Student: 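The structure follows.
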Amino acid sequence: MLLLATDLDGTFLGGSPADRTALYEWIRLQEDLCLVFVTGRGLASVQPLLDDAEIPNPDYIICDVGATVVNGSNLQPMQPLQKDIEKKWAGEELVRTRMEQVSGLTYQEVPQQNRCSFYYDATTAIDVATQIAAELGCDVIQSAGRFLDVLPAGVNKGSTLTQLIQLINYPAGKVLVAGDTMNDRSLYDTGFRGVVVGEAEPALVQYTLHHIHVLQSSNPGAAGILDGIRWFGRNM
């Protein structure tokens with residue numbers, strides 16, 4: 001019995017073709033495994049993966065860095081979680097308008113809901129962006145040295161996953177999380193067992209260095225996830 005909650009790009013979709021095949025085939029053989037995609041992508045960017053015969057279909061999808069959560073079978077919102085998130089959101093138009101005050105921010109023209117995503121650079125006044133976000137009841141999450149997400153306060157991958165686990169009444173001791181960038185950081189703050197895959201963002205590696213419930217794998221992507229499954233499988 002295992003719930004695997006995994007980031008996509010650089011994690012579940014990362015690594016060599018052989019490693020991805022090995023992980024995906026292992027997942028298909030597990031009758032009692034629950035698969036959750038936890039990604040920064042918007043739902044529209046995840047949907048093509050559901051039509052890829054090589055990729056296992058998830059039971060649940062958490063996207064928009066935690067701001068959207070749906071059933072993997074019918075893509076219907078998981079309620080009341082989704083409504084609670086939407087109530088906290090200041091709205092795209094207001095957030096974008098206020099963030100125009102911050103030089104060095106460029107809006108990401110990608111599918112997104114209940115969040116606003118930007119690119120930032122060395123000239124960006126992150127402290128100003130953070131202050132504006134706080135005034136709007138939002139948080140700022142940075143990752144990979146160039147992505148900046150504005151989300152409803154308290155909403156992130158980890159918080160949404162935790163609430164989903166509670167909603168479906170899944171044993172917390174049977175959860176394994178996997179990621180590779182700082183927008184995955186909140187997954188490791190949940191207390192669930194976790195694996196940071198190889199070639200991860202250095203800041204995430206440093207952040208999780210002393211987390212006793214987190215394995216840091218030297219293998220990238222799918223191989224790193226398999227390392228975590230093997231490592232923690234003895235005690236899950």
Side-chain angles (χ1 to χ4, degrees), residues 5 7-11 38-46 62-69 77-78 80-164 177 179-192 194 196 200-211 214:
D7 173 56
L8 292 177
D9 299 287
T11 309
V38 190
T39 177
R41 295 189 185 200
L43 184 57
S45 299
V46 177
I62 296 172
C63 45
D64 291 303
V65 202
T68 301
V69 52
M78 294 296 295
L81 301 188
Q82 190 61 61
K83 286 184 179 179
D84 290 342
I85 292 170
E86 291 169 359
K87 288 177 183 177
K88 298 177 181 178
W89 178 228
E92 178 184 348
E93 183 177 354
L94 177 58
V95 172
R96 288 187 65 176
T97 298
R98 291 292 307 277
M99 285 296 169
E100 287 177 357
Q101 303 173 36
V102 184
S103 62
L105 279 186
T106 303
Y107 183 73
Q108 292 186 42
E109 297 290 348
V110 296
Q112 51 186 291
Q113 293 178 288
N114 306 309
R115 53 119 179 192
C116 279
S117 296
F118 302 86
Y119 299 107
Y120 75 94
D121 58 33
T123 70
T124 306
I126 300 297
D127 57 338
V128 176
T130 301
Q131 179 180 340
I132 291 173
E135 292 171 358
L136 297 173
C138 296
D139 291 336
V140 165
I141 297 177
Q142 298 169 246
S143 61
R146 65 192 185 105
F147 302 124
L148 185 148
D149 293 294
V150 180
L151 296 122
V155 174
N156 51 56
K157 289 183 176 184
S159 67
T160 301
L161 176 63
T162 298
Q163 292 176 69
L164 176 63
V177 302
D180 74 317
T181 73
M182 283 296 280
N183 75 14
D184 299 314
R185 184 178 77 169
S186 60
L187 292 175
Y188 304 100
D189 292 334
T190 59
F192 300 137
V196 174
E201 183 177 350
L204 182 66
V205 174
Q206 183 63 36
Y207 182 77
T208 58
L209 188 60
H210 300 295
H211 285 48
V214 176

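Please read these numbers as outputs of a predicted model, since none were measured by experiment.
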Student: In Å, rounded to the nearest 0.5 Å, how long is the span from CG of Asp84 to CD of Gln163?
Tutor: 7.0 Å
Student: In Å and rounded to the nearest 0.5 Å, what is the CZ to CZ distance from Phe118 to Arg96?
Tutor: 7.0 Å
Student: Side-chain contact, heavy-atom cut-off 4.5 Å: Asp139 with Val155?
Tutor: no
Student: How long is the straight-line distance from CG of Leu94 back to CE of Met99, given to the nearest 0.5 Å?
Tutor: 9.5 Å
Student: Do Thr162 and Phe192 have side chains that approach each other closer than 4.5 Å (heavy atoms only, starting at C-beta)?
Tutor: yes
Student: With a 4.5 Å limit on heavy-atom distance, are the side chains of His211 and Asp189 in contact?
Tutor: yes
Student: With rounding to the nearest 0.5 Å, note down the distance linking CG in Asn114 to NZ in Lys87.
Tutor: 13.0 Å
Student: Taking all non-hydrogen atoms of both residues into account, name the closest pair between Leu136 and Arg98 and its distance.
Tutor: CD2-NH1, 3.9 Å
Student: State the CG-OH distance between Leu105 and Tyr119, to the nearest 0.5 angstrom.
Tutor: 12.5 Å
Student: Against Ser117, only a single residue in Asp149, Asp64, Asn183 fulfils side-chain hydrogen bond (donor to acceptor under 3.5 Å, both in side chains); can you say which?
Tutor: Asp149
Student: If you count heavy atoms of other groups shown closer than 6.0 angstrom to CD of Gln206, is the number above 12?
Tutor: no
Student: Let's go through Asp9 and Arg41 carefully: what are the C-alpha distance in whole Å and the side-chain angles of both, what is the deciding distance for side-chain contact (heavy atoms from CB on, under 4.5 Å) to 0.1 Å, and is it a yes or a no?
Tutor: CA-CA 9 Å; Asp9 299 287; Arg41 295 189 185 200; 2.8 Å; yes
Student: Might you point out which heavy atoms bring Leu151 and Ala67 nearest each other, and give the distance in Å?
Tutor: CD2-CB, 3.9 Å
Student: Hey, does the side chain of Ser159 reach the backbone of Gly154 with a donor-acceptor pair shorter than 3.5 angstrom?
Tutor: yes
Student: Looking only at non-hydrogen atoms, find the nearest pair between Leu161 and Ala5 and report the distance.
Tutor: CD2-CB, 3.7 Å
Student: In Å, rounded to the nearest 0.5 Å, how long is the span from CG of Asp121 to CZ of Arg146?
Tutor: 12.0 Å
Student: Mind checking whether Phe147 and Gln108 have side chains closer than 4.5 Å, heavy atoms only?
Tutor: yes
Student: Restricting to non-hydrogen atoms, name the atom on Ile85 and the atom on Gly66 that form the minimum distance, rounded to 0.1 Å.
Tutor: CD1-O, 3.5 Å
Student: Evaluate Val102 against Ile132 for side-chain contact (heavy atoms from CB on, under 4.5 Å), listing each step before the verdict.
Tutor: CA-CA 9 Å; Val102 184; Ile132 291 173; 3.8 Å; yes
Student: Locate the shortest heavy-atom distance separating Gly104 from Thr124; write the atom from each residue and the value.
Tutor: O-OG1, 2.9 Å
Student: Can you tell if the side chain of Val38 reaches within under 4.5 Å of the side chain of Val177, non-hydrogen atoms only?
Tutor: no
Student: At their closest point, which heavy atom of Glu92 faces which heavy atom of Cys116, and how far apart are they?
Tutor: CG-SG, 3.7 Å
Student: Going through the checks in order, is the side-chain contact (heavy atoms from CB on, under 4.5 Å) test met by Ile141 and Met182?
Tutor: CA-CA 8 Å; Ile141 297 177; Met182 283 296 280; 6.0 Å; no
Student: Counting distance only, does the side-chain N/O of Arg115 pair as donor-acceptor with the main-chain N or O of Gly40 below 3.5 Å?
Tutor: yes
Student: Is Asn156 close to Arg185 at the side-chain level, that is, under 4.5 Å between some pair of heavy atoms?
Tutor: no
Student: State whether a side-chain donor-acceptor pair under 3.5 Å links Asp184 with Tyr207.
Tutor: no
Student: For the residue pair Leu148 and Ile126, establish whether any side-chain heavy-atom pair is separated by less than 4.5 Å.
Tutor: yes
Student: Taking side chain as C-beta onward, heavy atoms only, is Leu204 less than 4.5 Å from Tyr188?
Tutor: yes
